[in-house]
Amino acid sequence: MTIKTIKQHLADLKHGQVSSVELTSDYLARIASSELNAFISVNPETALAAAKHADEERAAGSDKPLLGLPIAHKDIFCIDGTRTTCGSKILENFTAPYTATVVNRLSDAGTISLGKTNMDEFAMGSSNENSYFGDVLNPWGNEVSRVPGGSSGGSAAAVAGQLVPASTGTDTGGSIRQPAAFCGLTGVKPSYGRCSRYGMIAFASSLDQAAPVTHTAEDAALLLNSMTGFDKRDSTSVEIENEDFTRDLNTPLDGLKIGLPKEFFGEGLDDEIAQRVADAIKVYESLGASVVDVSLPNAKLALAAYYVIAPAEASSNLARFDGVRYGYRTEHYDDLGQMYARTRSEGFGEEVKRRIMIGTYALSSGYYDAYYAKAQKVRRLISNDFDSLFQQVDVLIGPTTPTTAFTHGSRSDDPVAMYLNDIYTIPVNLAGLPAASIQCGLSSNGLPIGLQLITPYLQESRLLKVAHQFQLETDWHTLTAPSLEVA
Ligand code: GLN
């Protein structure tokens, strides 16, 4: 089954080749018969009603940019009147009282929300094995069951499994780019502050960003046009003019300067991934780009700094889940203290509890300077490294992940092995930069390989152009998972 991009769907809708009701019904049927466990909730009635409305709007001459397009949202985004779980038992029966800005903007642009995608609990994880709602299967896993990556694993599996043409997700340390890499997709993390965090359940507030996962960079640009923009309800939202991210897509890459950070090609990187990345660099050279070896000397400290900063912020953000205001409450308690403790012990999963404990420790009196304050200094050094490299080059390129999609259970007992998945993605979040993962090949056992592209702050247009030009030249992004080929 060949892939169908958002761009193609929008053209079909516009030219009356398909109605939104037909398209929505088709995708809902695929979701209903799927065994990927990519969704936590599906909303067929509301989706079909919205699709019907979109068809009426089109008939009345509406020119909304994404009118009638079915998409899905990671279950971290609140939607008014809809269950929003964040992959956790503690929010299993939580109905959101308002809608996230990103979701509102995409609905205003005409999208139809089919449902909410599965994810690692509170977006903590790299395999989607930390979801209260069960593991998600990667459609590329053939004989053995492979993880889709995480934490936006359901969003990526849903797009790769052709259950929806595109999904939203989030990226705090790699959660859109790593699943995109594992599932053969395009994942674009915008600059910190580009997308409003209002209504997006907080994990690590200084790092969290909403992000799209799609088949192509062009599709990502179309979605980002309607996801980004200043929002006065998020104090970290950047106040700049809205951009048309499709504007520069077709500008040739002649003269582009690419930097290859040597820290992204060291120990732990699969040989096959290194090889496919080298092949991709050759494609860029053939398009007129020049390549230099560069260094991010402090990148080696990124993982350690992230695993202080992110848990510290998470421990504070997750304090609100206490059994009083909303969410799960334990049935067995004698007093308030016990109610808090039991609610949180029963409601949170193992990884979330581990992070809360690490974060609480890192922030505690006497340790704050040694851990949190120090990690913030490291963060500044990493950011400075990027700044100085971007004086010399236009884009940094490397692998997205050190390995391809691994099998279920193979890393669950070793948190550090799991954390190492994000070794190339995390430095970008610490510096607040935009970055993408695009597919650049297959391993010998038929698994997708992701290429990471990083550009300076707010240079999403350049990022998307560099990704799009590669996709014009190659066809890795058009491959479908073997499990779909017979369909
Ligand atoms: N895998 C990383 C973590 O577990 C990143 C998660 C994310 O980006 N939300 O923290």
Could you tabulate the donor-acceptor pairs under 3.5 Å formed by side-chain atoms of residues 220-228, not counting sequence neighbours?
from, atom 1, to, atom 2, distance (Å)
Asn225, OD1, Phe245, N, 2.7
Asn225, ND2, Asp244, OD1, 3.0
Thr228, OG1, Leu224, O, 2.8

Please report, to 0.1 Å, the donor-acceptor pairs under 3.5 Å made by any side chain of residues 449-460, with sequence neighbours excluded.
from, atom 1, to, atom 2, distance (Å)
Gln452, OE1, Arg177, NH1, 2.7
Gln452, NE2, Tyr424, O, 2.9
Thr455, OG1, Gln459, O, 3.0
Glu460, OE1, Arg194, NE, 3.0
Glu460, OE1, Arg194, NH2, 3.0
Glu460, OE2, Ser191, N, 2.6
Glu460, OE2, Ser191, OG, 2.7
Glu460, OE2, Arg194, NE, 3.3

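- When side chains are defined from C-beta on, Gln209 counts as touching Cys195, because their heavy atoms get closer than 4.5 Å.
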#### Entry: Derivation of the ring pair (Phe, Tyr, Trp, His ring centres under 6.0 Å) call for Phe39 and His73
CA-CA 9 Å; Phe39 281 80; His73 294 292; over 10 Å; no
### Query
Do Ser290 and Leu256 pass the side chain to side chain contact (heavy atoms under 4.5 Å, CB included) test, and can you show the C-alpha distance, the side-chain angles, and the key distance before you say yes or no?
CA-CA 6 Å; Ser290 59; Leu256 184 84; over 6 Å; no
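- With contacts defined as side-chain heavy-atom distances shorter than 4.5 Å, the pair Trp140/Asn445 does not qualify.
- Note that the OG atom of Ser107 and the CD1 atom of Ile71 stand 7.0 Å from one another [nearest 0.5 Å].
- Across all their heavy atoms, Thr400 and Ser437 have their closest contact at OG1-OG, 2.8 Å.
- Under the 4.5 Å side-chain criterion, counting only non-hydrogen atoms from C-beta, Leu28 is in contact with Val42.
- Of the charged side-chain nitrogens involved, at least one lies within less than 4.0 Å of a carboxylate oxygen, so that Arg197 and Asp234 count as a salt-bridged pair.
- Checking each of Asp75, Thr85, Thr82 against Lys116 for a side-chain hydrogen bond (donor to acceptor under 3.5 Å, both in side chains) leaves exactly one that passes, namely Asp75.
- Note: Tyr198 OH to Ser237 OG = 13.5 Å, rounded to the nearest 0.5 Å.
- Judged by distance alone, the side chain of Glu129 and the main-chain N or O of Gly409 form a donor-acceptor pair under 3.5 Å.
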### Task
May I have the step-by-step check of side-chain hydrogen bond (donor to acceptor under 3.5 Å, both in side chains) for Thr425 and Gln178, ending in yes or no?
CA-CA 8 Å; Thr425 49; Gln178 186 254 13; over 6 Å; no
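- Checked by atom type and distance alone, the side chain of Ser155 pairs as donor or acceptor with a backbone atom of Thr168 at under 3.5 Å.
- A donor-acceptor pair under 3.5 Å is absent between the side-chain atoms of Asn421 and the main chain of Ser126, judged by distance alone.
- Remark: the backbone N or O of Val136 is paired with a side-chain donor or acceptor of His408 at under 3.5 angstrom.
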### Task
Take His468 and Asn250 through the side-chain hydrogen bond (donor to acceptor under 3.5 Å, both in side chains) test and state the conclusion after the steps.
CA-CA 8 Å; His468 178 66; Asn250 291 311; 3.2 Å; yes
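- For the residue pair Asn43 and Gly115, the shortest heavy atom distance occurs at ND2-CA, 3.9 Å.
- With Phe406 as the aromatic partner, Arg411 meets the cation-pi criteria of under 6.0 angstrom to the ring centre and within 45 degrees of the ring axis.
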### Query
Where do Leu442 and Leu479 land on the side chain to side chain contact (heavy atoms under 4.5 Å, CB included) test, with the steps shown first?
CA-CA 10 Å; Leu442 287 177; Leu479 299 184; 3.8 Å; yes
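- One finds the CD1 atom of Ile438 at 15.0 Å from the NE2 atom of His215 (value rounded to the nearest 0.5 Å).
- Atom CE in Met418 sits 11.0 Å away from atom CG in Leu420 (nearest 0.5 Å).
- Counting all heavy atoms, side chain and backbone alike, Ile309 lies closest to Tyr372 at CA-CE1, 4.1 Å.
- For Ser131 (side chain) and Asn128 (main-chain N/O), no donor-acceptor pair under 3.5 Å exists by modelled atom type.
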### Task
Report the C-alpha separation of Phe182 and Thr401 in whole Å, then their side-chain angles, then the decisive distance to 0.1 Å, and conclude whether the side chain to side chain contact (heavy atoms under 4.5 Å, CB included) test is met.
CA-CA 9 Å; Phe182 278 14; Thr401 56; 3.8 Å; yes
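- Of the possible polar contacts, one joining the Gln469 side chain to the Leu249 backbone as a donor-acceptor pair under 3.5 Å is found.
- Of the possible polar contacts, one joining the Asp394 side chain to the Lys257 backbone as a donor-acceptor pair under 3.5 Å is found.
- Here the side chains of Thr478 and Thr2 are not in contact, with every heavy-atom distance at 4.5 Å or above.
- Here the side chains of Asn317 and Ser205 are in contact, with some heavy-atom distance below 4.5 Å.
- For Lys64, the NZ atom sits in a packed shell: over 12 heavy atoms of surrounding residues, nucleotides or ligands are nearer than 6.0 Å.
- Comment: Asp171 does not engage Lys189 in a salt bridge, judged by the lack of any side-chain N to carboxylate O separation of less than 4.0 angstrom.
- Contact of the Ile176 side chain with the Thr170 side chain is not registered, since no non-hydrogen atoms from C-beta on lie closer than 4.5 Å.
- Heavy-atom neighbours of Glu35 CD from other residues, nucleotides or ligands within 6.0 Å: at or below the threshold of 12.
- Around CG of Asp271, the count of heavy atoms belonging to other residues, nucleotides or ligands within 6.0 Å does not exceed 12.
- The CG atom of Leu106 sits 7.0 Å away from atom CG of Leu66, with the distance rounded to the nearest 0.5 Å.
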### Task
Please test Ser152 against Lys74 for side-chain hydrogen bond (donor to acceptor under 3.5 Å, both in side chains), starting from the C-alpha separation and ending with a verdict.
CA-CA 7 Å; Ser152 311; Lys74 184 176 182 177; 3.0 Å; yes
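- For Arg354, the CZ atom sits in a packed shell: over 12 heavy atoms of surrounding residues, nucleotides or ligands are nearer than 6.0 Å.
- For the atom pair Asp270 CG and Ser443 OG, the distance stands at 8.0 Å (nearest 0.5 Å).
- The pair Glu351-Arg355 counts as a salt bridge, with a side-chain nitrogen and a carboxylate oxygen less than 4.0 angstrom apart.
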#### Entry: Thr214 vs Asp219, side-chain hydrogen bond (donor to acceptor under 3.5 Å, both in side chains): CA-CA, chis, key distance, verdict
CA-CA 6 Å; Thr214 53; Asp219 279 2; 5.5 Å; no
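- Remark: the backbone N or O of Asp120 is not paired with any side-chain donor or acceptor of Ser151 at under 3.5 angstrom.
- Closest approach of Gly441 to Arg276, counting heavy atoms only: CA-CD, 4.0 Å.
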### Test log, rule side chain to side chain contact (heavy atoms under 4.5 Å, CB included), inputs Thr172 and Leu207
CA-CA 5 Å; Thr172 300; Leu207 300 160; 3.7 Å; yes
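- Side-chain atoms of Ser286 come within 3.5 Å of backbone atoms of Val283 as a donor-acceptor pair (strictly under, hydrogens ignored).
- No donor-acceptor pair under 3.5 Å is formed between the side chain of Gln439 and the backbone N or O of Leu185.
- With contacts defined as side-chain heavy-atom distances shorter than 4.5 Å, the pair Ile79/Ser113 qualifies.
- For the pair Asn298 and Val378, the minimum side-chain heavy-atom distance is 4.5 Å or more.
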